[in-house]
Protein chains: 2
Amino acid sequence: MSTAEGRLTSDDRREQILAAATVVFGERGYAGGTTDAIARQAGISQAYVVRMFGSKEKLFLEVAQRATGRLRAAFREIIAGFTGAESNLERQVLLGRAYGELVADRGTLLTLLHLFGLGQDPVFGPEARESFLDVYRIIRDEAGFSAEEATQFFARGMLNTILLALRMPDVKDDPRAFELLSSSMGEQCETILASFEAQASLGA
Amino acid sequence: MSTAEGRLTSDDRREQILAAATVVFGERGYAGGTTDAIARQAGISQAYVVRMFGSKEKLFLEVAQRATGRLRAAFREIIAGFTGAESNLERQVLLGRAYGELVADRGTLLTLLHLFGLGQDPVFGPEARESFLDVYRIIRDEAGFSAEEATQFFARGMLNTILLALRMPDVKDDPRAFELLSSSMGEQCETILASFEAQASLGA
DNA sequence: CTGATGAGTAATCAATTGATTACTACATTC
DNA sequence: GAATGTAGTAATCAATTGATTACTCATCAG
C-alpha cells in the first residue's frame, strides 16, 4: 500500500503513518517492527516517520492507544444502541460482533495482542493494563453485565483473538480446528477470514 | 541468574541456555530477545549460544517446542490421574490448576503468548497452530470434554494468560481489576503472583 | 607424555536500526 | 517578490545484532 501521493497535510500524513505502523507492528511486533518498514509501507522516508513522532516508542504508544480507543468507541456505540429489550445474551452477541468487525483489521488485532505481551514494559505495561481495565469497566458498568457475564465475554474474546492471531482458519480443513473455530467464533469466522484475505501482507 | 559455574557437559549447558532463553524471549519477545542477553543470562559467551543452536531462529523454535511440550505433558499427567468419578467441571478445575502451575513460570507463560502472536511467521506460525491444536485434541479426545466444554476451558485459559501477561495483579487495588482477576482466576491468582515475585527480572 | 576431542571464548564482521543533521522544494503571506 | 513556514528527503552516525573464525584450555585414552 505504498500510496505514492504528493504532499499531504501533516495531519493526513500522520494518519497514514499510524495506519502503516499498525500493519507493521502487527506483523512484526514492537521490537521487530522497524521505522524503515513503516516508512516504506507509508511511501515516505524513514527520517520523516521518526521526526513526526519523536521516537519509535512514542509512535507505538499512539498506535496502541488508537487501537484501544477504537475498541472503546466501538463498544460504546453498540451500547448506545441498546433498546433495553435485549437479553444479556443478545447483548453479548451484539458486542461480540462489534469486536469481530474491529479486529477484522488484522493490524489492529495483532497490535492489541502484542500490547498485551508487553505487560512488564515500564511504558507500555501501565498503558496496556489501564486500557484493558477501561474496556472491562465499559462492559461491566455501561453495558450492565454481571462480573460473571463480563468475564465470560472477555474469555471468549481472548480466545477468538488468539485463534485469529494464530491464523487458525488456515488449517480449517482439520476437523478439530474447524470445530474449535465454529464453537468459539461461530459464523463470524467466515467474515473475518475474508477480510484477512483482502489485506495485503508485507513484502519480504 | 548468571550462575558462574565452570565447564558443564554440553547437555547441561544446553538446558541452561534454553532456560535462559525462555526468560529473555518471554520478557522481550522473539525479535527483541537478543542472543547476547540470553548469553549473559546463562553466564556464557554470545558466540556459544549461537553455536550450540545454529541460529536464533532454531533456538526460539526449541524454546517454543519445549514450552508447548511441557503443557501437553502436564495435561496428560492430570488426565492419567483421573479416577473416572469426577464431573467434567471438577476435571476442568484440575486441568486449570495444572495450567496455572505451568505458567507460574513467567518465561513459559510469555513465550507461549509471543508464539501465538507469530501466526503469520512462515516458520513459527505452523508450529504454533499445530501445538495449539494438539493441546485442543488432548482436552477433547483424551480428557473427554465436549466441544463446548473444551472451548470454554480454552477461553478461560486464554483470558488468564493475558491477565497474567499484563501483570494485572499489579493493580489489584483497583476494585474492577480485583473483581476480574477473582472471577477469572479465583484463588490461583495468589499462588502465581507469589511465584512471579520470586522470579528475578532482567537488568536494564 | 602425547594427541585428540570437546567446552568455551575473544575478536571481528557485515548488516541493520533508530536517530540526527543539513538540506530542498513548495506554499502562503505581507 | 522577498520572507517565512511547512512537508519532506538524502546522507550519515553510532550503536546493536546475529553470525563466523580462529583460538585457548581442560580432559582423557593409549
Side-chain angles (χ1 to χ4, degrees), chain A residues 2-21 23-25 27-64 114 118 121-124 202-204, chain B residues 2-21 23-25 27-64 114 118 121-124 202-204:
Chain A
S2 13
T3 30
E5 303 144 53
R7 287 164 64 96
L8 296 184
T9 64
S10 106
D11 278 354
D12 284 351
R13 193 59 88 184
R14 195 181 179 81
E15 290 303 314
Q16 193 191 19
I17 296 176
L18 283 168
V23 174
V24 172
F25 282 137
E27 288 217 357
R28 321 229 265 241
Y30 171 64
T34 68
T35 55
D36 190 66
I38 293 166
R40 265 183 279 117
Q41 176 83 2
I44 55 170
S45 70
Q46 178 261 343
Y48 198 39
V49 170
V50 173
R51 195 155 91 153
M52 178 158 281
F53 290 90
S55 71
K56 178 180 163 176
E57 188 176 77
K58 284 180 193 153
L59 171 56
F60 182 76
L61 198 58
E62 275 212 42
V63 167
H114 287 308
L118 257 29
D121 184 279
V123 173
F124 306 129
L202 270 58
Chain B
S2 14
T3 31
E5 301 143 52
R7 288 164 64 96
L8 296 184
T9 64
S10 106
D11 278 355
D12 284 350
R13 192 61 88 185
R14 196 182 177 80
E15 290 302 314
Q16 193 191 17
I17 295 176
L18 283 168
V23 174
V24 171
F25 282 136
E27 289 216 357
R28 320 228 264 241
Y30 171 64
T34 68
T35 55
D36 189 67
I38 293 166
R40 267 184 277 115
Q41 177 82 2
I44 55 170
S45 71
Q46 178 260 342
Y48 198 38
V49 171
V50 173
R51 194 155 90 153
M52 177 158 282
F53 291 89
S55 71
K56 177 180 163 176
E57 189 176 75
K58 285 180 193 152
L59 172 56
F60 183 76
L61 197 57
E62 276 214 40
V63 167
H114 288 307
L118 257 30
D121 184 278
V123 173
F124 306 130
L202 270 57

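Labels below follow one simple rule: chain letters A, B, ... track the order of the sequence lines, proteins then strands, and each chain is numbered from 1. The model shown is predicted, which means the values in this text are computed figures rather than measured ones.
Rounded to an integer number of Å, the gap from CZ of B:R13 to C1' of D:dA26 is 14 Å. Atom C1' of nucleotide C:dA7 and atom CG of B:L8 are separated by 9 Å, given to the nearest angstrom. If you take OH of A:Y48 and P of D:dA7, they are 5 Å apart, rounded to a whole angstrom.
Judged as a salt bridge (charged side-chain N to carboxylate O under 4.0 Å, His left out), the pairs with a partner in residues 52-63 of chain A (not counting sequence neighbours) are, in order, A:R14-A:E62.
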Exercise. Is there a side-chain contact (heavy atoms from CB on, under 4.5 Å) between B:V24 and B:R40 once you walk through the steps?
Worked result: CA-CA 10 Å; B:V24 171; B:R40 267 184 277 115; over 6 Å; no
For this session: Run the numbers on A:Q16 and A:D12 for side-chain contact (heavy atoms from CB on, under 4.5 Å), then give the verdict.
Result: CA-CA 6 Å; A:Q16 193 191 19; A:D12 284 351; over 6 Å; no
Seminar exercise, completed: Protein heavy-atom contacts under 4.0 Å, written 5' to 3' over nucleotides 13-22 of chain D as B (base), S (sugar-phosphate only) or - (none), form the string ----SBBB-B
Only pairs under 3.5 Å count here: list side-chain donor-acceptor contacts from residues 45-54 of chain A, not counting sequence neighbours, and write none if there are none.
{"residue": "A:S45", "atom": "OG", "partner": "A:Y48", "partner atom": "N", "Å": "3.4"}
{"residue": "A:Q46", "atom": "NE2", "partner": "A:T35", "partner atom": "OG1", "Å": "3.2"}

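In this structure, CZ on A:R7 lies 10.0 Å from CZ on A:R13, to the nearest 0.5 angstrom.
Scored by the ring pair (Phe, Tyr, Trp, His ring centres under 6.0 Å) test, B:F124 finds B:Y30, B:F60 as partners (sequence neighbours excluded). By the side chain to side chain contact (heavy atoms under 4.5 Å, CB included) test, B:A21 is found to be paired with B:F25, B:I38, B:L59, B:V63, residues two or more places apart in sequence or in another chain being considered.
Contact annotation: the side chain of A:E15 never approaches that of A:L8 to less than 4.5 Å [non-hydrogen atoms, C-beta and beyond].
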What's touching nucleotides 4-6 of chain D from the protein side, N or O pairs under 3.5 Å?
none

